[in-house]
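Before any comments, here is the structure.
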Amino acid sequence: MPERPFFERDARQVAIELLGMELHRRINGAHLAVRIVETEAYLGVADRAAHSFGGRCTPRNRAMWGPPGHAYIYFTYGMHHCLNVVTEPEGVPSAVLIRAGEPIEGIELMARLRKRGADPAHELASGPAKLCQALALDLGLNGTDLLTADELWLERPRQAPRWTIRCGPRVGIDYAADWKRRLLRFAPAGHPHVSRPPPDRPLRRSRPVDDGFGPA
DNA sequence: TTCAAGATTTCCT
DNA sequence: GGAAATCTTGAAA
């Protein structure tokens, strides 16, 4: 399990390093887990696409301002939940949206938790709201400390996957002016469990957190 | 006080 | 391809 300093960093770096990590959930004695395969970084008060843009602090997004390594789960469109991992030190409101996961444990229960039920495995958690549905995540787990909770936690895989990570623009933020062009979405090249056609730009080795748009 | 839009998904045409 | 579902938030009136 990653330690607190892992999360206390730039959201872009955390977003990249969360790929391949396992997200575990215990519910009513059952054990569910997915391998994280798609993330997006949301960069604090300057990011027009972030809930924290302009220094906004509301009852909904309060967890973003809290200590790193906690869950920020929000309700949207009147019917969906989305899971984020809070990054940067307390008081710096940035987070990583977990957009998709590959089911690795409790697949049958996940299928039951999904409303559609009969989805093939690669569609059980291929989207931020689908992932929350498959893992039974809702506002009751908002603010959960992922380093200490029994119901929701992260684990490093026994063997780190040798993926080629690609980046691209974030999804569903057309309103965010220039920020919609920034390359803050990350996924393994060609991975079948991502939410939509995957990002296709290579990360530059010389600048591992380069988003193609210059420094934050 | 009212309204429009959203870090989405699903169903219908 | 388009619309519905329907809570939260910020902006307009």
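Per chain, numbering begins at 1; letters A, B, ... match sequence-line order.
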Exercise. Just by modelled atom types, is the A/A41 backbone N or O under 3.5 Å from a matching donor or acceptor in the A/R170 side chain?
Worked result: yes
Exercise. At what distance, to the nearest 0.5 angstrom, does CZ of A/F6 lie from CZ of A/R156?
Worked result: 5.5 Å
Exercise. Considering only the P atoms, how many Å lie between C/dT6 and B/dT1, rounded to the nearest integer?
Worked result: 25 Å
Exercise. Under 4.0 angstrom, heavy atoms only, what part of the nucleic acid is A/Y77 near: base, sugar-phosphate, or nothing?
Worked result: base
For this session: Just call it for A/R170: base, sugar-phosphate, or nothing, with non-hydrogen atoms closer than 4.0 Å on any strand.
Result: nothing
Exercise. Think A/R56 forms a cation-pi with A/F53, using NZ or CZ under 6.0 Å from the six-ring centre and within 45 degrees of its axis?
Worked result: no
Problem set entry | Spacing of A/I173 atom CD1 relative to B/dT8 atom P, expressed in whole Å | 10 Å
Problem set entry | Nearest atoms (heavy-atom pairs only) where A/E3 meets A/F7 | O-CD1, 3.6 Å
Exercise. Honestly, is A/R182 close enough over A/W179, meaning NZ or CZ under 6.0 Å from the six-membered ring centre and within 45° of the axis?
Worked result: yes
For this session: Determine yes or no for a side-chain-to-main-chain donor-acceptor pair under 3.5 angstrom, with A/E22 supplying the side chain and A/A33 the backbone.
Result: no
Exercise. What residues, two or more places apart in sequence or in another chain, satisfy side-chain contact (heavy atoms from CB on, under 4.5 Å) together with A/P89?
Worked result: A/E8, A/V92
Exercise. Hey, is the main chain of A/L141 close enough, under 3.5 Å, to the side chain of A/E151 for a donor-acceptor pair?
Worked result: no
Problem set entry | A/R25, A/H24, A/R26 screened by side-chain hydrogen bond (donor to acceptor under 3.5 Å, both in side chains) with A/H31, the one that passes | A/H24
Extract all donor-acceptor atom pairs below 3.5 Å that involve side chains of residues 76-84 of chain A and protein atoms in other chains or at least two apart in sequence.
unit_1	atom_1	unit_2	atom_2	d
A/N84	ND2	A/Y72	O	3.2

For this session: Let me know the distance between CD1 of A/I73 and C1' of B/dT8, rounded to the nearest Å.
Result: 16 Å
For this session: Look at all strands and tell whether A/L97 reaches a base, only sugar-phosphate, or nothing, counting heavy atoms closer than 4.0 Å.
Result: base
Problem set entry | From A/V37, A/I165, A/T164, residue fulfilling side-chain contact (heavy atoms from CB on, under 4.5 Å) relative to A/H191 | A/V37
Seminar exercise, completed: chain A reaches DNA chain C, atoms under 4.0 Å from its heavy atoms, from C/dA5 to C/dG10
Problem set entry | Within residues 51-58 of chain A, residues whose heavy atoms come under 4.0 Å of DNA chain C | A/R56, A/T58
Exercise. Within this structure, what is the OH-to-P distance between A/Y42 and B/dG6, rounded to whole angstrom?
Worked result: 13 Å
Problem set entry | 4.5 Å side-chain heavy-atom contact, A/L135 and A/M110 | yes
For this session: Could you tell me the separation between the CG atom of A/D174 and the NZ atom of A/K180, rounded to the nearest 0.5 Å?
Result: 5.0 Å
Problem set entry | Where DNA chain B forms stems, i.e. three or more consecutive Watson-Crick or G-U pairs with both distances under 3.5 Å | B:1-6 with C:7-12, B:8-12 with C:1-5
Report each atom pair, protein N/O against N/O of nucleotides 9-11 of chain B, whose distance is under 3.5 angstrom.
unit_1	atom_1	unit_2	atom_2	d
B/dT9	OP1	A/P128	N	3.2
B/dT9	OP1	A/A129	N	3.2
B/dT9	OP1	A/K130	N	3.4
B/dT9	O4'	A/H80	NE2	3.2
B/dT10	OP1	A/R114	NH1	2.9
B/dT10	OP1	A/R114	NH2	2.7
B/dC11	OP2	A/R116	NH1	2.8

